[in-house]
Amino acid sequence: MRTHTCGQLRDTHVGQTVTLAGWVNNYRDHGGLIFIDLRDREGVTQLKFDPDLAGSAHKVAEGLRHEDVVRATGKVVDRGVNDKGQALANPKLATGQIEIEVSELVILNKASTPPFTPDDAQTSEEIRLRYRYIDMRRPQMQNILRTRHRVAKIIRDYCDKHGFYEVETPFLCRSTPEGARDFLVPSRLQPGSFYALPQSPQLFKQILMVGGVDKYIQIVRCFRDEDPRADRQAEFTQIDLEMSFVEPDDVMSICEGMIREVWKQVLGVDVPKVERMCYAEAIGRFGSDRPDLRFGMELVDVSDLAQQTDFKVFRGAIEAGGLVKVICVPGAGGGSMSRKETDALAEWVKQFGAGGLPTCKIESGKLTTGVAKFLESISTALIERTGAKDGDLLCFGVSPRKTVVHRTLSELRVKLAHDLKMIKPGQWKWLWVVDFPMVEWNDEQKRWDSLHHPFTAPLDADLDKIESDTANVKSKAYDLVLNGSELGGGSIRIHRPDVQQRVFKLLGIDEEAAKMKFGFLLDALQYGAPPHGGLAFGLDRLVMHLVGTSNIRDVIAFPKTQMGADLMTEAPAPVDDAQLKELSLRVQTHAKPDKAV
RNA sequence: GGGGGUGUAGCUCAAUUGGUUAGAGCAUCGGACUGUCGAUCCGAAGGUUGCGGGUUCGAGCCCCGUCACCCUCGCCA
């Protein structure tokens with residue numbers, strides 16, 4: 001149907017007769033000459049219709065409009081010069097040196113007037129999603145789809161080279177109450193029973209290791225029925241892998257190599273040896289287990305100094321078992337920040353549970369404004385420890401709850417870095433965060449929760465501390481962090497049923513419950529499970545980094561809105577009564593029961 | 001479930017303190033034009049101001065409700 005694409009022809013093709021096919025990107029009708037910009041996936045080529053050379057083609061071309069689908073045959077000609085001797089080439093187009101002198105034009109499909117055109121970058125996302133098929137014609141979207149394809153291809157090739165098998169795991173699974181809310185699928189054959197869509201193939205990949213698969217990879221859809229965010233979608237894709245007879249280093253090394261290959265091939269960027277930081281240090285210095293290392297403003301613990309003051313806010317927090325930490329916002333930003341702006345920050349941090357945000361400035365080597373008057377006795381020590389200079393702003397994180405201090409300052413640090421444009425573009429700051437605690441205390445539910453998941457192995461040295469010194473048990477878990485976002489995480493798994501039982505017990509999953517929910521895993525571990533571990537990357541987030549967007553919907557061909565709707569297909573939608581009946585389901589529509597009660 | 005933002009022509013936006021017939025650019029339609037490339041020029045058509053109530057002599061604007069989209073808290077082992 002065509003001999004070339006619309007991004008292919010150069011002056012070396014001049015003289016050839018070619019056939020192109022594509023969409024009408026734009027048209028310019030001069031009454032005599034007509035120019036059409038023809039677009040396909042690969043680019044844009046200008047078609048020229050000259051009434052004197054090909055009258056019938058010119059006649060057809062007069063009727064062309066945006067997004068008509070056509071096929072054109074003609075001769076490749078150099079654009080040459082106009083009668084004033086000016087070059088007619090278009091430097092904005094890769095094919096701008098040439099044009100096609102069309103002799104034959106076929107309209108393959110006349111398009112209705114489109115709601116927007118692919119070259120309109122201003123169209124709202126809502127409209128783009130409703131007409132995704134038009135949106136996808138935009139070069140930016142084509143680039144994203146191509147990048148995503150290439151990432152998947154590079155990863156498959158890399159894993160193949162390293163001896164991984166790609167194995168498919170079920171989508172119709174058993175519901176496990178841990179973790180996120182499940183999407184449920186009713187069973188027709190077993191009324192009243194349900195499948196759950198997988199939140200991840202975690203258990204299956206472990207079973208594959210027991211089954212001797214040795215190395216497993218899958219690029220697989222996962223489902224979590226939670227509210228979406230800018231970087232989160234109910235349906236997302238993991239690069240899921242698992243290996244047998246490995247230590248954490250083996251997994252990290254394979255994953256690092258994979259990332260290195262992707263960044264090299266897609267961006268031409270070399271990823272250096274990735275540094276490691278233990279969880280405790282990450283929390284201490286950055287307040288986060290996924291620190292952004294592209295800028296400073298590290299957290300400084302000043303609890304000991306705060307205790308020496310008469311400032312009730314500080315003393316009260318510490319006496320209640322809390323913390324006072326501070327970040328120093330350097331230079332112009334801090335010094336020039338107005339009272340109104342710092343008040344706004346104080347309001348902003350309340351969403352993380354902080355009572356407010358005490359601040360003060362440094363002028364002439366002294367603390368001024370804000371809470372400075374309460375801190376006179378410790379001002380010298382404070383300035384020395386934070387390294388604050390004139391014009392800097394100190395922001396204090398204060399709370400009886402350490403996690404609130406860390407969350408607040410961690411979020412504030414990132415916000416200020418963005419607001420004050422402290423992040424130089426084009427940086428890739430990688431980090432392995434390791435030595436996670438195995439569990440954390442859930443104060444509301446009064447129980448231990450897994451930090452990673454219940455199958456994460458504790459460090460060998462910590463095996464006897466599981467019951468006696470639970471809070472200090474570290475696990476063989478590792479997260480790969482890029483520019484402050486978690487790209488992937490994994491762990492070495494528990495491969496002994498007795499250890500797995502102890503961990504379940506610790507998490508409040510008694511033997512009977514464990515048997516009911518994870519019996520097949522415990523069984524499998526009894527029949528010769530090799531030591532094994534793995535990791536899962538979020539493919540969507542990875543592609544987001546590669547193409548430079550903060551919107552996950554940009555990297556998904558057919559994404560959903562915050563209400564879980566597909567604006568194009570209008571899913572979800574009600575179903576026929578007959579379908580419900582077949583599934584033994586009845587829908588209960590409740591008219592505002594909450595407000596009635 | 002909570003907080004914030006947005007909703008006006010097909011698209012992107014404007015509309016003074018609540019005040020005449022709700023405007024502009026692009027797209028669409030008609031006309032002109034033989035070197036444009038965001039073509040240009042002339043003309044036309046295009047509106048339930050998301051939806052439903054209310055206040056008012058008068059509502060795009062104020063109030064109540066509701067829907068959709070976005071950001072966010074909770075949630076996301």
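Below, chain A is the first sequence line, B the second, and so on; all start at residue 1.
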Below 4.0 angstrom from OP1 or OP2 of G38(B), is there any side-chain N or O of Lys92(A)? yes
Where Arg128(A) and Thr123(A) come nearest, the two heavy atoms and their spacing: CD-O, 3.5 Å
Distance check needed: U34(B) P versus Leu88(A) CG, whole Å only. 16 Å
Tell me what Pro454(A) touches on the nucleic acid: a base, only sugar-phosphate, or nothing, going by heavy atoms under 4.0 Å. base
Gap separating the CG atom of Asp135(A) from the CD atom of Gln140(A), nearest 0.5 angstrom: 9.0 Å
Would you mind classifying the nucleic acid contact of Asp29(A) as base, sugar-phosphate or nothing, using non-hydrogen atoms under 4.0 angstrom? base
For a 4.5 angstrom cut-off between non-hydrogen side-chain atoms, does Thr73(A) reach Val102(A)? no
With C1' as the reference atom in both, quote the distance from A9(B) to A44(B) in angstrom, rounded to an integer. 15 Å
Mind checking Leu507(A) for me? I need base, sugar-phosphate or nothing, with any heavy atom below 4.0 Å counting as a touch. nothing
Quick check: on RNA chain B, is the nucleotide nearest Phe116(A) upstream (toward 5') of the one nearest Arg79(A), or the reverse? Name the residue that is more 5'. Phe116(A)
Give Gln46(A) one of three labels, base, sugar-phosphate or nothing, depending on what nucleic acid heavy atoms sit under 4.0 Å from its own. base
Say we look at A77(B) and U8(B): how far apart would their P atoms be, to the nearest angstrom? 37 Å
Side chain of Arg28(A), heavy atoms from C-beta onward: which of C71(B), G35(B), U36(B) has the nearest atom to it? U36(B)
What integer number of Å spans the C1' atoms of C57(B) and U20(B)? 15 Å
For the pair made of CG in Asp227(A) and P in C76(B), what is the distance, rounded to whole Å? 11 Å
Of the candidate nucleotides C73(B), C33(B), U28(B), which contains the atom at the shortest distance from the side chain of Gln351(A)? C73(B)
Quickly work out the Leu47(A) CG to G35(B) P distance and round it to whole Å. 18 Å
Determine which nucleotide pairs with U17(B), using a 3.5 Å limit on both distances of a Watson-Crick or G-U wobble pair. none
Whole-angstrom distance between G47(B) and A22(B), as gauged at atom P: 12 Å
Please classify the nucleic acid contact of Asp52(A) as base, sugar-phosphate, or nothing, using heavy-atom distances under 4.0 Å. base
U28(B) OP1/OP2 closer than 4.0 Å to side-chain N/O of Thr113(A): no
Across the strands shown, which category fits Ser200(A) at heavy-atom distances under 4.0 angstrom: base, sugar-phosphate, nothing? base
Which whole number of Å gives the distance between the P atom of U49(B) and that of C11(B)? 15 Å
What distance, rounded to whole Å, do you find between the two C1' atoms, one in G7(B) and one in G52(B)? 16 Å
Does the side chain of Arg130(A) get closer than 4.0 angstrom to OP1 or OP2 of A68(B) through an N or O atom? no
I want to check something: taking the side chain as every heavy atom from C-beta on, are Lys75(A) and Ile100(A) in contact at a cut-off of under 4.5 Å? no
Pro115(A) side-chain proximity, nearest of G10(B), C76(B), A77(B): G10(B)
Please determine, for A45(B), whether a Watson-Crick or G-U wobble partner exists with both distances under 3.5 Å, and give it or none. none
Return the nucleotide paired to A68(B): Watson-Crick means purine N1 to pyrimidine N3 with N6-O4 or O6-N4, wobble means G-U with N1-O2 and O6-N3, both under 3.5 Å. U6(B)
Please report the shortest heavy-atom distance between Ile98(A) and Val14(A), naming the atom on each side. CG2-CG2, 3.8 Å
Could you work out the separation of G74(B) and G58(B) based on their C1' atoms and round it to a whole Å? 45 Å
Short side-chain N/O contact to U12(B) OP1/OP2 from Ser124(A), under 4.0 Å: yes
Selected nucleotide, minimal atom distance to Glu126(A) side chain, candidates U34(B), A68(B), C70(B): A68(B)
Knowing that exactly one of Leu539(A), Leu535(A), Asp479(A), Leu482(A) qualifies, which makes a side-chain contact (heavy atoms from CB on, under 4.5 Å) with Leu487(A)? Leu482(A)
Compare the minimum distances between each of A77(B), A27(B), C33(B) and the side chain of His66(A), then state the nucleotide with the smallest one. A27(B)
Quickly work out the Glu440(A) CD to A77(B) P distance and round it to whole Å. 11 Å
Comparing nearest nucleotides in RNA chain B, the 5'-proximal residue of the pair Ala89(A), Gln202(A) is Ala89(A)
Is a side-chain donor-acceptor pair under 3.5 Å present for Ser491(A) with Arg493(A)? yes
Regarding the side chain of Asp50(A), the nearest nucleotide among U34(B), C37(B), C70(B) is U34(B)
Figure out the NZ/P separation between Lys350(A) and G2(B), and round it to whole Å. 21 Å
In whole angstroms, the gap separating P of U36(B) from CG of Asn90(A) amounts to 11 Å
Between atom CZ in Phe49(A) and atom P in G35(B), what is the gap in whole Å? 17 Å
As its Watson-Crick or G-U partner within any shown strand, both distances under 3.5 Å, A59(B) has none
Distance between P atoms of A24(B) and A14(B) (Å, rounded): 16 Å
For Thr176(A) and Gln199(A), the nearest pair of non-hydrogen atoms, with its separation, is O-NE2, 4.4 Å
C29(B) phosphate, OP1 or OP2: any side-chain N/O from Arg65(A) under 4.0 angstrom? yes
What is the minimum heavy-atom distance between Val404(A) and Phe352(A), and which atoms define it? CG1-O, 3.7 Å
Indicate, with a heavy-atom threshold strictly under 4.0 Å, whether Arg128(A) touches base, sugar-phosphate, or nothing. nothing
Within less than 4.0 Å of OP1 or OP2 of G74(B), is there a side-chain N or O belonging to Arg229(A)? no
Would you tell me if any nitrogen or oxygen in the side chain of Tyr27(A) comes within less than 4.0 Å of OP1 or OP2 on A27(B)? no
So does Arg224(A) get a side-chain nitrogen or oxygen closer than 4.0 Å to the phosphate oxygens (OP1/OP2) of A77(B)? yes
Counting side-chain heavy atoms from C-beta on, which of C11(B), C75(B), C70(B) comes nearest to Glu226(A)? C75(B)
Write down the distance between CD1 (Ile127(A)) and C1' (U6(B)), rounded to a whole number of angstrom. 13 Å
Contact under 4.0 Å: Arg407(A) side-chain N or O vs G74(B) OP1/OP2: yes
So, does the side chain of Glu99(A) form a donor-acceptor pair with the base of G35(B) at under 3.5 Å? yes
